[in-house]
There are 2 protein chains.
Amino acid sequence: MVAIEPNGNFCSDCAVRGAAVCSSLDAADLREFEHLGRRVHFGSGETVFSEEDITTSFYNVIEGVMRLYKLLPDGRRQIVGFALPGDFLGMNLSGRHNFSADAIGAVTVCQFAKAPFNRFIEDRPQLLRRINELAIRELSQARDHMVLLGRRSADEKVATFLLGWRERLVALKGLSDKVPLPMSRQDIADYLGLTIETVSRTFTKLERQGVIQIIHGGISLLDPARVEAMAAA
Amino acid sequence: MVAIEPNGNFCSDCAVRGAAVCSSLDAADLREFEHLGRRVHFGSGETVFSEEDITTSFYNVIEGVMRLYKLLPDGRRQIVGFALPGDFLGMNLSGRHNFSADAIGAVTVCQFAKAPFNRFIEDRPQLLRRINELAIRELSQARDHMVLLGRRSADEKVATFLLGWRERLVALKGLSDKVPLPMSRQDIADYLGLTIETVSRTFTKLERQGVIQIIHGGISLLDPARVEAMAAA
DNA sequence: AAAGCCAATTGACTCAGATCAAATTTGAGT
DNA sequence: ACTCAAATTTGATCTGAGTCAATTGGCTTT
């Protein structure tokens, strides 16, 4: 973990300026906000925070991908989401994180100390509204994911994942048939409530059907329509 | 569905006054707030709102239990939660509900038209903060439920459900070994990502082990410690 | 109290996905 | 290019939970 000191124009040249919590702030507020955050880099596999840790900071993902997960006492893992640039992490009521987060590949976050951030929100209801929006969006995604985990078959899970992941990347970097998958097969399995073998077999099956092509670091969507049919059930 | 006109002191004698969104309002604001909501009753099985319906109202559960669920096109159902008195329903970003809600037994809600409610929030950041708290709490619960759906066995699911449900009832009406289960076995199955048969078999197994007793309309927890052991795995 | 109905239980059997066990591929370091 | 370790794929087998099919039990209606 490497901290980079805040510099002069740090928010204004920020890649996630439009999408993140800060999009709710005007120029004057943003200049003040700038002093609250500092950019921090994490290397591949590094843990940004762990479940049950006391929350000392909030995080805005600037670059890279993170896995957010919970562990059962016996080691079983459920990935509750992948965080991408623009995502805001660390909100909770208990004062402790309710999941762990680590970097998949290199990650840059904008880190805010909890107390000053909360003080800053105090008289910026528009920022609170923005945070609330993000929470409501996540809640909706969480419910969709419950349906997937509880009621979908392995094939449907994998197909739904590929489409959903592509959708998120489209929003970030535009449409492409190449879908990078920076996370491991184990990560995908733990996200979908499957085993790594089942994920691997399903990928292979899709490839044999000519629907996708497994390429280095991801897949290529050859027949999006058929993947959608597979996801819909 | 039967609407009850708002009466003079309607908030002040409200059963969920302390727990609900309105707990953030002072006496003066509460008097104004009162005029926004009206109490509405729903009979057993009645639908309060459906997924994809345009959101015209928000709801505060006053009394009774509701099931919140999503359906797949082919009819598979995932219950994403049960709502109890104090729960606030209807927040979304899309302008449409992202799940359906119906009454399990008789239900009373406090219904707020969307536009006036949003206007009222506008200059009451403390109410927004309260709503945000509820969203964050739900998000945390949703993540816990993802772990259950994705990574727990049938036995663990049922045990975890019984303890979690009891916990919620404790908060509402105090501790008791009798755990009322107003929802059907099918509801429990759809909440846990199981079939009705598996839920029934697991209940029977727990009863044969002397851990619970199946009684009319619920169960009696004979050996909470063993249920906890079963849930923890 | 008999009939009808729906929810819940129980039993027999099946199967999707897990588990166990090798290959095989990939990638980082030398 | 070569080595070793880790990630992924593939194969064989097993099993927990699902499916299908009766019963049983509780209410409600008559």
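Keep in mind the model is a prediction, meaning the values are calculated, not measured.
- Rounding to the nearest 0.5 Å gives a distance of 4.0 Å between OG of A:Ser220 and NZ of A:Lys178.
- A cation-pi contact, defined as under 6.0 Å to the ring centre and within 45° of the axis, is absent between A:Arg67 and A:Phe82.
- B:Glu51 places none of its side-chain heavy atoms less than 4.5 Å from the side chain of A:Arg143.
- Using bins of under 30°, 30° to 60° and over 60° for the plane-to-plane angle, the ring pair A:His145/A:Tyr191 lands in the parallel bin.
- Comparing the end axes of the helix from C:dA1-D:dT30 to C:dT30-D:dA1, each fitted to five base pairs by superposing C1' atoms of four pairs onto the next four, gives an inter-axis angle of 50° (nearest 10 degrees).
- The closest side-chain heavy-atom distance from B:Met66 to B:Val109 is below 4.5 Å.
- To the nearest 0.5 Å, atom CH2 of residue B:Trp165 and atom CE of residue B:Met183 are 3.5 Å apart.
- A 4.0 Å heavy-atom criterion places the boundary nucleotides of DNA chain C facing chain B at C:dA8 to C:dA12, written 5' to 3'.
- Considering only heavy atoms from C-beta on, B:Gln186 stays 4.5 Å or farther from B:Ile188 through its side chain.
- Here the OG atom belonging to A:Ser94 is positioned 7.5 Å from the CD atom belonging to A:Glu52, to the nearest 0.5 angstrom.
- Within 4.0 Å of A:Ser200, counting heavy atoms only, lies at least one base atom of the nucleic acid.
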**Message:** Walk along nucleotides 13-20 of chain D from 5' to 3' and tag each nucleotide B, S or - by protein heavy-atom contact under 4.0 Å, base first, then sugar-phosphate.
**Reply:** ----SSBB
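- The heavy-atom pair separating B:Arg151 from A:Gly193 by the smallest distance is NH1-C, 3.5 Å.
- Distance check: A:Leu149 CG to A:Leu192 CG gives 7.5 Å after rounding to the nearest 0.5 Å.
- Nearest-nucleotide assignment on DNA chain C puts the 5′-proximal partner with B:Thr204, out of A:Gly217 and B:Thr204.
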